Amino acid sequence: MYKPKILIVEDDPTISNLIRTTLDTQNYQYHTARTGSSAILDAVSYTPDVIILDLGLPDMDGVDIIKKVRGWSNLPIIVVSARSEDQDKVDALDAGADDYLTKPFSVDEFLARVRVALRRSYTEASAEECSIYENGELKIDYAAGCVYVQGVEIHLTPMEYKLLCLLAKNTGKVLTHNYILKEIWGSALESDTPSLRVFMATLRKKIEKNPSSPQYIQTHVGVGYRMIRQ
Ligand code: CA
């Protein structure tokens with residue numbers, strides 16, 4: 001059976017020991033890098049399925065590592081950092097990180113995020129040739145441009161449809177406001193964030209059973225949105 005490979009990028013021995021001990025309880029293999037420059041080399045040579053990345057490294061900022069890796073690879077990156085400001089999360093996510101955990105973190109939550117990242121990397125690999133997206137009772141037929149909830153077709157405006165497809169194609173990944181604005185409107189002005197909220201609200205009314213407690217599209221306050229795998 002294939003053991004997923006995790007690259008741990010962390011210079012603090014206490015934290016990297018905790019992560020290794022946690023991963024030992026699962027069927028994972030791992031490799032540790034303590035500097036940014038060795039992390040970039042390992043991201044190529046070790047061919048990990050997921051990277052766990054600290055932002056404060058001795059030789060480099062983690063955000064620069066994300067940018068470098070994104071130059072050639074889409075592999076999932078989970079940032080684990082002591083920086084808890086929204087702006088730090090937004091910078092890391094905008095640079096292309098998939099997810100963000102603030103230290104100290106719960107071991108269960110950490111493992112759940114790793115599972116989400118692994119699922120994303122596997123479904124992405126098989127989604128290329130598949131033109132149907134299914135997630136719980138939500139279904140998108142990309143070829144026909146139709147969306148179904150519980151088997152019933154629902155009518156979305158072109159903007160709502162684009163927004164839903166963007167979230168669906170990145171299931172499990174937190175997308176920042178800036179990223180969504182750039183992808184959908186081609187611009188990323190802070191002033192556009194309120195209109196994004198309006199589109200999100202109308203989309204939720206159409207796909208969520210209870211729009212005030214959404215099952216599919218999760219809000220990350222001050223950061224962005226994430227499509228949850230059911
Ligand atoms: Ca550090």
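As the structure is a computational prediction, the values presented were derived from the model and not from experiment. Note that these values count all heavy atoms, side chains included, but never hydrogens, waters or copies made by symmetry. First listed ligand is number 1; within each ligand, the first listed atom is number 1.
Because its NZ or CZ atom is both nearer than 6.0 Å to the ring centre of Y46 and within 45° of the ring axis, K5 counts as a cation-pi partner of that residue. Geometrically, K169 engages Y142 in a cation-pi contact defined by less than 6.0 Å to the ring centre and at most 45° from the axis.
Take F110 and apply the ring-ring contact (aromatic ring centres under 6.0 Å, His included) test, not counting sequence neighbours, and it matches F105. Taking S73 as the reference, nothing meets the side-chain hydrogen bond (donor to acceptor under 3.5 Å, both in side chains) condition, with sequence neighbours excluded. Under the side-chain contact (heavy atoms from CB on, under 4.5 Å) criterion, K68 pairs with I40, sequence neighbours left out.
Electrostatic pairing of D11 and R34 does not count as a salt bridge here, judged by no charged N lying under 4.0 Å from a carboxylate O.
Here 3 is the count of protein N, O or S atoms positioned under 3.0 Å from the Ca ion (ligand 1), waters not counted.
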